[in-house]
There are 2 protein chains.
Amino acid sequence: MSESATHRAHDVVLRHIEDSLRSGTLKLGDRLPGERALAEQFGISRASVRDAIRSLEVMGIVRSATGSGPNSGTIVVSDPSSALGVALRMHVASSGLPLKDVVEARMMMETWSLEHAAAAPWTPEQLDDARRLLDAMEDDALPSQIFTLLDAQFHVALSALAGNVVVSTMMESMREAIRGYIDDAVLRRGGWDDVVHVLREQHRGIFSAVEAREGELASRLVREHIEWFYHQTL
Amino acid sequence: MSESATHRAHDVVLRHIEDSLRSGTLKLGDRLPGERALAEQFGISRASVRDAIRSLEVMGIVRSATGSGPNSGTIVVSDPSSALGVALRMHVASSGLPLKDVVEARMMMETWSLEHAAAAPWTPEQLDDARRLLDAMEDDALPSQIFTLLDAQFHVALSALAGNVVVSTMMESMREAIRGYIDDAVLRRGGWDDVVHVLREQHRGIFSAVEAREGELASRLVREHIEWFYHQTL
DNA sequence: CCGAAACATGTGGTCGGACCTCATGACACC
DNA sequence: GGTGTCATGAGGTCCGACCACATGTTTCGG
């Protein structure tokens with residue numbers, strides 16, 4: 001923002017794209033010019049253009065695909081959650097961010113979300129997403145990895161009711177980042193059948209509280225839910 | 001996690017580094033082999049290796065520098081906040097994430113942090129960081145851009161007392177992402193001299209509450225502080 | 001006339017080799 | 001012993017080529 005330092009070759013295209021995004025010249029769903037065209041336009045090599053686009057791709061700003069037609073090329077998307085999720089996972093892997101703090105942060109966001117969901121203007125249709133996931137998790141034949149996946153989606157769906165995209169995104173990315181650790185911990189622990197019954201009951205309780213718009217109750221239940229599961233496994 | 005799909009050339013490097021990080025073979029401060037060496041080791045081109053390293057750099061996992069000596073080459077670091085900050089800023093620019101939600105999320109994290117800071121085991125030295133920033137902001141000659149920078153650091157320093165690295169990191173990155181917008185809004189509004197007096201007073205009140213470990217009061221004050229400033233400018 | 005197979009086109013993905021800038025440490029020279 | 005020069009090796013940039021892929025077009029057989 002402050003120092004320009006446009007001397008780095010790949011920065012010029014990065015800045016140009018950010019400016020275009022900010023000014024509205026480039027918006028969600030638009031296609032960027034081809035890498036070769038951008039290279040010529042800015043007078044830099046295609047490698048540097050690729051460098052910049054790669055950065056945007058890692059951030060979840062654009063998506064690149066080979067081939068031709070409307071689905072090919074580099075397209076402006078908005079996929080912050082998976083991008084942040086990967087980054088978070090890497091930082092947890094490198095011990096830069098303690099897993100304990102990730103779980104704690106997730107609990108903060110989820111309790112906040114459910115509290116605020118009580119007063120938020122969501123429609124019954126939005127709640128149905130969560131209900132479908134709740135029903136899907138009743139299947140006894142579900143492997144634990146699939147269950148935890150649905151579990152994550154259930155929590156995200158409920159939290160989304162609060163209406164804050166940033167909080168939902170961060171929650172989703174944190175869940176994505178720790179999914180691998182959870183699956184490992186579940187397999188290492190064993191006795192999944194006993195655990196899953198408790199989880200189902202807790203989920204139903206949380207869902208009912210949200211449905212009744214009892215924010216404080218929902219918040220307390222989800223806190224107990226996460227704390228219980230955390231101490232059971234990790 | 002699910003499909004391996006190591007057919008992408010740059011993914012093999014990415015996976016290898018993540019595994020090395022997870023197993024401890026690679027730790028903070030270590031230097032990666034040179035790009036040419038990695039290329040030969042995995043039997044891929046240097047361009048693909050650069051692609052992978054670039055991804056890690058964007059995530060704040062490594063840092064690359066030219067030259068020779070201990071500060072050169074690619075080194076494992078942990079800089080999630082600036083990495084997330086840039087990504088967040090881009091998403092706000094592309095309207096993928098509403099600024100309002102970012103501010104709201106920041107308020108959630110900060111109130112949570114100050115509440116928990118009351119019971120956290122921080123030392124007086126940690127509080128001194130915030131105190132120094134508080135004193136520095138007393139300077140009347142400070143341009144608004146510098147003030148907001150110190151302001152951001154002050155808030156991060158206080159929040160860090162809660163002891164949760166993930167929350168601190170996210171707060172810092174959100175503040176970084178919206179800094180440009182705040183500076184613009186302040187300049188557009190004018191009358192900075194009137195605003196800054198109120199801000200100083202609010203900061204002192206928040207600091208005192210934290211120092212006295214009155215979590216609830218600190219939390220309330222910081223909420224009012226953020227809400228007031230938000231309505232004054234944006 | 002129509003459907004299907006072959007082809008042309010343009011995209012990102014990969015490659016390898018070249019040259020540049022830069023920070024450092026070693027070495028020769030005062 | 002201090003100092004300036006140079007060799008070294010790292011990342012940064014560029015070029016030009018080729019590959020894999022998805023699509024749109026053309027062509028050919030029925």
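Chain A is the first sequence line, chain B the second, and so forth, proteins listed ahead of strands; every chain is numbered from 1.
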Item checked: Pairwise distance CG(A/L88) to OG(A/S81) - rounded to 0.5 angstrom -> 11.5 Å
Next item on the list: State the CD-CG distance between B/E18 and B/L56, to the nearest 0.5 angstrom.
Entry: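 Reported to 0.5 Å precision, the distance equals 9.0 Å.
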In whole angstroms, how far is the [atom2] atom of [N] from the [atom1] atom of [X]?
X: A/L32; N: C/dG12; atom1: CG; atom2: P; result: 9 Å
X: A/I44; N: D/dC14; atom1: CD1; atom2: C1'; result: 11 Å
X: A/E40; N: D/dG16; atom1: CD; atom2: C1'; result: 15 Å
X: B/F42; N: C/dC15; atom1: CZ; atom2: P; result: 13 Å
X: B/E35; N: C/dC22; atom1: CD; atom2: C1'; result: 14 Å

Check: Which letters describe nucleotides 17-27 of chain D, given B = protein heavy atom under 4.0 Å from base, S = only from sugar-phosphate, - = neither?
Finding: BB--BBB----
Notebook entry, point to check: Hey, is the side chain of A/H10 poking within less than 4.0 Å of OP1 or OP2 on D/dG12, counting only N and O atoms?
Noted result: no
Next item on the list: May I ask you to verify if any side-chain N or O of B/S48 is less than 4.0 angstrom from the OP1 or OP2 atom of C/dG13?
Entry: no
Next item on the list: Determine the interplanar angle of the B/H203 and B/F154 rings, folded into 0 to 90°, and report it as parallel if under 30°, tilted if 30 to 60°, perpendicular if over 60°.
Entry: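 Ring orientation of B/H203 relative to B/F154: tilted.
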Margin query: Counting the atoms with a prime plus P, OP1 and OP2 as sugar-phosphate, which does B/A39 contact under 4.0 Å by heavy atoms, base, sugar-phosphate, or nothing?
Written below: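 Touches nothing.
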Do you know the tightest heavy-atom contact between [X] and [Y]?
X: A/E110; Y: A/S159; result: CG-OG, 3.9 Å
X: B/S113; Y: B/A162; result: O-CB, 3.4 Å
X: B/M137; Y: B/R200; result: O-NE, 2.6 Å

Can a salt bridge be assigned to the pair [X] and [Y] using a cut-off of 4.0 Å between side-chain N and carboxylate O?
X: B/E176; Y: B/R179; answer: yes
X: A/D30; Y: A/K27; answer: yes
X: B/E57; Y: B/R54; answer: yes

Checklist line | Sorted by number, the residues of residues 50-64 of chain A with heavy-atom contact under 4.0 Å to DNA chain D | finding: none
